[in-house]
Amino acid sequence: MLIWMACYAVTKFEYLLIMSSVTELLAAEFELLKADVIAKYEASGMDASGNWADTVEVQATPNGYSITAADYINGRGPGKPPPSEAIEAWIKRKGIAAKLEKGMSIQSLAYLIARKIGREGWQPKPGSENITNAVVTPQRIQQILDKVGEVYITEFTTQIVNLLKPTA
């Protein structure tokens, strides 16, 4: 079976080889994006529970790859309060526990914070940057597209040269 690409035909096998190179390149680039997003997040000081970085995943899609993560980094609306245990861990992690007034337990403070988040929601501090947008910039996307384009050009050029070589 022949598949027509550009101005010449390649076999299905040749097409799959080209696509394999592109797929490997995209997988590697998306893993780099993931690592950079996690590093930016850790450097931002937004790390509360320490669990968000574990939710960042690179996923293969029918058309390429995507990066997904838990959305709570962007805040949450009012509704159900978060678990008090998560807030307790945050209080300890941020060193707030050592500053508590006598008579206020970590559990009590965690309950009050969780209740307030449940009532009013939570948003990142004003001025804090969107971690994903800081890493996945138009320039970064263009760099990835340029690399993929180079693979296509190299593979297609090789195929054309091979087609034009006289058979011996």
Under the side chain to side chain donor-acceptor pair (under 3.5 Å) test, residues paired with Lys147 that sit two or more places apart: Glu29
Residue pair Ile87 / Pro82: nearest heavy atoms and the distance that separates them: CD1-CG, 4.1 Å
Considering all heavy atoms, the nearest Glu42-Ala53 contact: OE2-CB, 4.2 Å
Partner residues of Glu150 under the side chain to side chain contact (heavy atoms under 4.5 Å, CB included) criterion, sequence neighbours left out: none
Shortest non-hydrogen contact from Ala70 toward Thr55: N-OG1, 3.0 Å
Under the side chain to side chain contact (heavy atoms under 4.5 Å, CB included) test, residues paired with Glu120 that sit two or more places apart: Lys116
Hydrophobic cluster identity match, Ile96 and Ile113, side-chain contacts under 4.5 Å: yes
Would you list the atom pairs, donor with acceptor, under 3.5 Å between side chains in residues 132-140 and any protein atom, with sequence neighbours excluded?
residue, atom, partner, partner atom, Å
Thr137, OG1, Gln139, OE1, 3.3
Thr137, OG1, Arg140, N, 3.1
Arg140, NH1, Asp36, OD2, 2.9
Arg140, NH2, Asp36, OD2, 2.8

For Tyr65, side chain to side chain contact (heavy atoms under 4.5 Å, CB included) partners two or more places apart: Thr23, Leu26, Ala27, Phe30, Val58, Ala60
Residues which pass side chain to side chain contact (heavy atoms under 4.5 Å, CB included) with Gln107, listed by chain and number, not counting sequence neighbours: Glu88, Ser105
Close side-chain approach of Ser66 and Gln59, heavy atoms under 4.5 Å: yes
Ile106 versus Lys92, closest heavy-atom pair with distance: CD1-CE, 3.9 Å
In one Ile/Leu/Val/Met/Phe/Trp/Tyr side-chain cluster, 4.5 Å: Ile131, Leu32: no
Side chains of Lys40 and Val37 in contact at under 4.5 Å (non-hydrogen atoms): no
Distance (rounded to the nearest 0.5 Å) between Ile67 CD1 and Lys34 NZ: 9.0 Å
Ser84 to Tyr111 - nearest heavy-atom pair and separation: OG-CA, 3.8 Å
Shortest non-hydrogen contact from Ile153 toward Thr157: O-OG1, 2.6 Å
